[in-house]
Amino acid sequence: MNDSGCSMSGESCPIGGRIIQLKSVDSTNDYAWNLALEGAKHGLVVVADQQTGGRGRLGRSWLSPPGMNLAFSLVLRPSLPPQDIPPLSLVAAVALFSCLETYIPRLSIKWPNDLYCGDRKLAGILSEMKLKGRETDFVIVGIGVNVNTMVDDWPLELQSTAISMRQAVDKIFALRELFQQFLTSFQSWYEYYLSHGFHGSVQQVLEKNSYLFGKQVTIAINGRTIQGRAGNVDEYGRLLVYDRREVCWPVVAGEATMMEMGDPEKRGDDNDSGG
Ligand code: BTN
């Protein structure tokens, strides 16, 4: 991996045009956030062999033991209004899905930010945005993929809910190659999203490979709870949830908390299915 700077400006810097590789860090999201505050350019990627304070959504922790998994964060400076930022997590999920689907069977995307293998979590995405006035200043997209961890590497409470690529197919993966493949994949999906928006290919990949489709879900939105059957994702990246009267509730990723049977979110665990 390299640490070369990108001399281009704005979004013309390729994703991964500059990569900072760290042995150990509390959280690559926090590290990337601080660099972005100091003016880091679009496309910078921070990757770490180990995180000591990795974070998941909803204040949970994300485990990243040394040298086993992928944990990295992208600095993005999209010329998009804040309301178009939440779907970027899904764009990242689609990019990760297209990169991993050739290796991993029964892979699906759990709206809004997880990859599942069967019923177990393989990867998670944590996107965080900073505004400048009413405009988007930058977005940090943090990605954790359980690559080479084995069952004993998980704490007991995660052993039945988390899975790694190695556990899924009994093979050890080269982290560097996977990482580069993801960056290439993300670059093209990101460009696609900027020029075409969410509908079209991004929406199609989500529809075809949705973990939640047809399942009963409970979603908390701004202090209110909606229960119903998960449908497809619409052209804005919103999950369509149908209540018992078949009334459709479009749910925006950035505002919702997913809860469902068997989901740690429902049980109130503070560890995430990271590895
Ligand atoms: C989730 O599933 O809740 C999101 C998990 C995101 C974990 C990644 S690992 C790299 C980056 N740094 C962090 O502290 N979190 C994200």
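Order of appearance sets the numbers: ligands from 1, and atoms from 1 within every ligand.
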Geometric class of the Phe138/Trp33 ring pair [parallel <30°, tilted 30-60°, perpendicular >60°]: perpendicular
For Arg55, the ligand 1 atoms whose distance to one of its heavy atoms is below 4.0 Å: 5 (C), 6 (C), 7 (C), 13 (C), 14 (O), 15 (N), 16 (C)
Lys208 atom NZ: more than 12 heavy-atom contacts under 6.0 Å: no
Ring centroid separation Tyr190 to His42 under 6.0 Å: yes
Per-atom contacts of ligand 1 with Gly56, taking only distances under 4.0 Å to non-hydrogen atoms: 1 (C), 3 (O), 4 (C), 5 (C)
Proximal ligand 1 atoms for Ser73, defined as those under 4.0 Å from one of its heavy atoms: 11 (C)
Pair Phe173 and Tyr103, ring centroids less than 6.0 Å apart: yes
Thr28: numbered ligand 1 atoms lying under 4.0 Å from its heavy atoms: 10 (C), 11 (C), 12 (N)
Region of Ser64 engaging ligand 1 - heavy atom pairs below 4.0 Å: neither
N-O pairing of Asp137 and Arg77 below 4.0 Å: yes
Flag side-chain contact, heavy atom, 4.5 Å: Phe72 against Phe179: yes
Per-atom contacts, ligand 1 versus Gly144 - under 4.0 Å to a heavy atom: 8 (C), 9 (S)
Atom indices of ligand 1, in the order listed, that fall short of 4.0 Å to a heavy atom of Gln51: 9 (S), 10 (C), 11 (C), 12 (N), 13 (C), 14 (O)
Neighbour count above 12 (heavy atom, 6.0 Å) for Tyr192 OH: yes
Asp30, portion touching ligand 1 at heavy-atom distance under 4.0 Å: neither
Min N/O separation Arg57 to ligand 1 under 3.5 Å: yes
Proximity to ligand 1 by part of Ile125, non-hydrogen separation under 4.0 Å: backbone
Atoms of ligand 1, numbered as shown, that sit under 4.0 Å from any heavy atom of Gly54: 14 (O)
Among Leu74, Val145, Leu100, the one residue meeting side-chain contact (heavy atoms from CB on, under 4.5 Å) with Phe182: Leu74
Enumerated ligand 1 atoms positioned under 4.0 Å from heavy atoms of Asp114: 2 (O)
